[in-house]
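I have placed the structure first, in the form of C-alpha cells, so that the comments after it can refer back to it.
Below, chain A is the first sequence line, B the second, and so on; all start at residue 1. What you see is a predicted model, and the numbers here were worked out from it, not measured in a lab.
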Protein chains: 4
Amino acid sequence: MTSAPETRQRRRGQALETAIYDAVLAELAAVGYGRLTMEGVAARARTAKSSLYRRWNSLEDLVIAAVHHELPDVATVAETGDVREELLAALTLIADTLTGPIGPAVTSILGGMNQSPNLQAAARERIVAPRVRALQTVFERAAARGEIRAGAATPFVVQTGPAIVIHTCLVRGLELSTQDIEDIVDQVILPAVRPAS
Amino acid sequence: MTSAPETRQRRRGQALETAIYDAVLAELAAVGYGRLTMEGVAARARTAKSSLYRRWNSLEDLVIAAVHHELPDVATVAETGDVREELLAALTLIADTLTGPIGPAVTSILGGMNQSPNLQAAARERIVAPRVRALQTVFERAAARGEIRAGAATPFVVQTGPAIVIHTCLVRGLELSTQDIEDIVDQVILPAVRPAS
Amino acid sequence: MTSAPETRQRRRGQALETAIYDAVLAELAAVGYGRLTMEGVAARARTAKSSLYRRWNSLEDLVIAAVHHELPDVATVAETGDVREELLAALTLIADTLTGPIGPAVTSILGGMNQSPNLQAAARERIVAPRVRALQTVFERAAARGEIRAGAATPFVVQTGPAIVIHTCLVRGLELSTQDIEDIVDQVILPAVRPAS
Amino acid sequence: MTSAPETRQRRRGQALETAIYDAVLAELAAVGYGRLTMEGVAARARTAKSSLYRRWNSLEDLVIAAVHHELPDVATVAETGDVREELLAALTLIADTLTGPIGPAVTSILGGMNQSPNLQAAARERIVAPRVRALQTVFERAAARGEIRAGAATPFVVQTGPAIVIHTCLVRGLELSTQDIEDIVDQVILPAVRPAS
DNA sequence: CCTTAATCGAGACGGTACGTCGTGTCTTTAT
DNA sequence: ATAAAGACACGACGTACCGTCTCGATTAAGG
C-alpha cells in the first residue's frame with residue numbers, strides 16, 4: 001500500500017533560510033507590513049517559530065534581512081560623462097527600490113525606522129546608504145569633470161533627490177513616473193549645482 | 001479635613017476628550033509610539049476602552065486626533081516682503097512640528113502613513129497639508145512680488161523643503177538646527193526659483 | 001411634504017410595563033435565558049435601560065415578574081371525586097407550565113434558582129408553591145373521602161409528582177406525554193397512598 | 001535561606017490541569033457559580049486564559065471537567081441482599097454528590113443544564129448517568145432475588161429517587177438528612193415495587 | 001557504520017493587548 | 001415627573017501573537 005508522502009524533506013541551514021525569506025516577502029505582499037507576524041511567517045514557511053527566533057531577534061530584524069537578501073547587492077551608476085543622465089540613473093535606482101516587487105517591504109521599513117533605533121541604523125546602513133553613495137559618486141565625478149560647481153554638492157544637496165523621491169512615495173502616496181524624475185533633476189537638483197554662467 | 005474624594009466627577013464630552021488627549025501625549029512620552037496601546041491610554045486617562053472606541057476607530061485615529069488637537073490651529077507665515085525670510089519661517093514651522101514636544105508623535109504618524117490608507121489620508125490632510133499650504137503661499141506671494149521666477153514654484157519645488165526636513169528627521173535621524181534650515185533654503189530652494197540675473 | 005411620523009406615542013405606567021413583559025418573553029423565545037440581557041430587552045421594547053432598572057433591581061427580578069404576569073392567576077383542580085383523575089389534572093397543570101408557551105422561561109428560572117437566594121425564594125413562592133398547593137389539596141380531599149390512607153400524603157409523597165415532572169423536563173430533557181403522566185400517577189404516586197387492601 | 005524562587009517551574013499537561021481544577025473549585029467556593037469567570041480561574045491558577053481555552057470551549061465545560069475530576073470515579077453499591085439497604089446506599093451516593101464539598105458546583109451544573117444542550121448532554125452522561133445506573137443495578141439485583149415485583153422498576157420508578165433528591169436540594173433548597181432518605185425509600189420507592197403480599 | 005550532537009517541527013506555556021458586549025449609574029432632552 | 005436616549009466607568013469575554021520553553025524526530029558529521 002502506498003501511503004501519501006507525508007514526510008516532506010526537512011530543511012536546514014541555507015535552504016531553510018531562503019524559504020523563510022520567501023515566506024516573509026509573500027506574507028508582506030499578502031497582508032502588508034502592518035499585519036505581518038512571526039506566527040504568519042512561520043506558518044507560511046511551514047517551519048517553527050523557534051527556527052525564526054534562533055536566527056533573528058525580532059520581526060524587524062527578520063524583515064531587514066529578507067529585504068537585504070532580495071535587493072541587488074551593488075547599486076552603482078555607470079559613468080557616462082553627462083551629469084544629468086547619471087543623476088536620472090541614480091534616482092531611478094532609488095525609485096525602483098521603492099516601487100519594485102519588494103517596494104512595499106522597503107517602504108514599510110522606512111516608515112518604521114523612527115520606531116526603533118536598531119531598525120533605523122540597520123535600514124540606513126544596508127538599504128539607504130548604498131544608494132545614496134551611488135548618487136554621491138555621481139556628484140563627485142561631475143565635479144571632477146567640471147560639470148558642476150565645486151563644493152555645490154553639499155550634504156543637503158546630495159540628500160535632496162532621495163528626500164523628494166521618498167517623500168513623494170511615502171508621505172504623498174504617489175507613484176513616480178520617468179517624467180517626474182526628470183522634473184526633480186531639472187527643476188531642483190541641477191539648479192543647485194549648475195556652475196555660474 | 002474633608003473626606004477623600006472617592007467620587008471623582010464623571011467626565012463627559014469635551015472635558016473627557018481633552019483628558020484623553022493629554023493621556024495620549026503623556027503615554028507617548030512615557031513608552032513611545034511603538035508601545036502605545038489603547039489599554040495604556042485608557043488606564044492613564046482613568047477612563048474605559050469603550051469610551052475610546054466610541055470616538056476613534058483605532059489607535060492611529062486617536063493619535064492623529066490628539067496630535068491635531070495639540071498643534072497650533074493655523075499655520076501661517078506673515079508676509080515680510082523678503083522671500084528668504086519667509087521661506088525660513090515656513091520651514092521652521094515644519095521643523096518645529098517634528099522636533100517640538102509632540103515631535104515623536106508626529107514622526108510616528110508620518111512613519112506609519114504607508115501602513116494604512118486611512119492614516120495616510122488623515123495625516124496628509126490634517127497635519128501635512130496646512131503646513132505645505134503656508135509654504136505654497138510664500139512662493140505665490142514672492143512670485144507676485146517678482147522676487148522669484150514666475151512658474152518656478154512647481155509642485156516638486158514646493159515639496160522640496162518639507163521633503164528634506166522630514167527626510168532628515170525621519171530617515172537620517174538628525175536634529176535640524178537653524179543653520180541647517182538656512183542651508184536648505186540657500187543651497188537648494190532659492191537656486192531653484194531665483195530669477196535669471 | 002410631511003415627514004414620516006417618527007414620534008411614536010410615548011408610553012408610561014401600565015402600558016409600558018406590559019410592553020416590557022412582552023419583550024422579555026419574546027427575547028426569551030428568541031435567544032434563550034442564557035443570552036437574555038437587559039440591553040436586549042430594552043432594545044426590543046424600544047425603551048431605555050433606566051426604565052427597566054427603575055422598576056426591577058435585576059434581570060432575574062424582571063424575568064420573574066414577566067413570567068408571573070403571564071401565568072394563569074389561579075391554579076386549581078376541580079373536585080371530581082376520583083383521586084386518580086384529580087392527580088392527573090394537577091400534574092398536567094404543572095407539566096403544562098413547563099411545556100407551554102412560556103415553558104422555556106419557567107425552566108430557565110427553575111434552573112437558575114440555586115444561583116441566587118432571592119430568585120429561589122421568589123420563584124418558589126410565586127410559581128412553584130401555588131401549583132404544589134393544588135396538588136396538596138387533591139390529596140387532602142382524597143384523604144377526607146377515604147380514597148387514600150390517612151397520613152400517606154407526607155411531604156415527600158406530595159412533592160414526588162412535581163419532582164418527577166421537573167426532573168424529566170429539566171435534567172433528562174424529555175417531553176412529557178399524557179401517557180407519561182398517567183404512568184407517573186399509576187406507577188409511583190398511587191402505590192404510595194393506596195389504602196391497604 | 002535559599003533565594004526567592006522567582007522562576008516558578010512552568011507547569012504542563014497533567015500538573016497544570018490539576019492546578020486548574022483546584023482553582024475552579026476554590027473560585028467556586030469563594031465567589032459562587034454566578035460570579036465564576038474564566039478570568040478569575042486563570043488568575044487564581046496563575047496561568048493564562050489561553051491555557052484554559054485550549055482545553056475547554058467554555059466555562060461550563062471547564063466546570064464539568066473540574067467536577068468530574070473531583071467526583072469518585074466509580075459509583076457502585078455493594079450487594080447486601082437487602083433492597084432497602086441498597087436503595088439507601090444508592091440514594092445517599094446521589095445526595096452526597098449534591099451536598100458534599102463540591103455540591104455547589106454540581107447543583108450549579110444541574111441548574112444550568114437547560115441553558116445549553118452541550119452542558120446538558122455532558123452533565124447527564126458524566127455526572128447523572130453513572131449514579132442512576134448504580135440505582136438501576138440495585139433494582140435489577142433485587143428483582144433477580146425476587147425482593148421486588150418483576151417489571152416494577154419502570155423508568156419513572158428508577159428516576160423517582162434521583163428526582164426527589166435533586167428536587168429537594170435544587171428547587172426547595174433544603175438539606176437532606178439520613179432520615180429524609182429513609183423516608184423517601186420507605187414512603188415512595190418501596191411501595192412502588194413491593195411484591196403483592 | 002553507527003553513534004552523537006545539532007537543529008528542526010510542532011506546539012504548550014505565561015503573558016499582553018485586542019476590540020466587543022453587557023452592566024448599573026448618571027445626565028440630558030423632550031415630552 | 002418621567003420616558004427615551006445614550007455616555008460613562010467597569011469587568012469579562014474569546015482571540016491573536018508574543019517570546020520562551022520542552023519534546024520527540026530527523027539529519028549531518030565524527031569516531
Checklist entry - Taking the side chain as C-beta and beyond, is there a heavy-atom pair between B:R11 and B:T47 under 4.5 Å? => result yes
Checklist entry - With a 4.5 Å heavy-atom cut-off, do A:L52 and A:W56 have their side chains touching? => result yes
Next on the checklist: Just the rounded figure in Å: distance from C1' of E:dT25 to CG of C:L52.
Outcome noted: 14 Å
Checklist entry - Does some side-chain heavy atom of D:Y21 sit less than 4.5 Å from a side-chain heavy atom of D:L16? => result no
Item to check | Atom-to-atom span, CG of A:L16 to P of F:dT27 - whole angstrom | outcome: 13 Å
Item to check | For atom CD of A:Q9 and atom P of E:dT7, their distance in whole Å | outcome: 17 Å
Next on the checklist: For a quick check, tell me whether the side chain of D:R10 and the base of E:dC13 share a donor-acceptor pair closer than 3.5 Å.
Outcome noted: yes
Next on the checklist: Using whole Å, what does the distance between atom C1' of nucleotide E:dA12 and atom CZ of D:R12 come to?
Outcome noted: 5 Å
Checklist entry - Below 4.5 Å, heavy atoms only, C-beta onward: do A:L62 and A:N57 meet side chain to side chain? => result no
Item to check | Strand DNA chain E in bracket notation, Watson-Crick/G-U under 3.5 Å with | for pairs to another chain | outcome: |||||||||||||||||||||||||||||||
Next on the checklist: With nearest nucleotide decided by heavy atoms, which residue, B:N57 or A:R54, maps closer to the 5′ end of DNA chain E?
Outcome noted: A:R54
Checklist entry - Tell me, do C:I127 and C:V67 make a side-chain contact under 4.5 Å, heavy atoms counted? => result yes
Checklist entry - E:dT23 C1' sits how many Å from C:E60 CD, rounded? => result 14 Å
Item to check | Between F:dC18 (P) and A:L62 (CG): distance, integer Å | outcome: 11 Å
Item to check | Side chain to side chain, D:T37 and D:L59, heavy atoms closer than 4.5 Å | outcome: no
If you restrict it to nitrogen or oxygen atoms, what contacts under 3.5 Å exist between nucleotides 10-13 of chain F and the protein, and what is each distance?
residue	atom	partner	partner atom	Å
F:dC10	N4	B:S50	OG	2.9
F:dC13	OP1	D:M38	N	2.8
F:dC13	OP2	D:M38	N	3.3
F:dC13	OP2	D:E39	N	2.8

Item to check | From C:K49 atom NZ to C:M38 atom CE, the distance as rounded to the nearest 0.5 Å | outcome: 9.5 Å
Item to check | A:R55 CZ to E:dA6 P, straight-line distance once rounded to whole Å | outcome: 16 Å
Next on the checklist: Could you measure the distance from the CG atom of D:L25 to the CD atom of D:E70? Nearest 0.5 Å is fine.
Outcome noted: 5.0 Å
Checklist outcome for this item: Here the distance between atom P of E:dC8 and atom CD of A:Q14, to the nearest Å, is 12 Å
Checklist entry - Donor-acceptor pair, D:R55 side chain versus D:S51 backbone, under 3.5 Å? => result yes
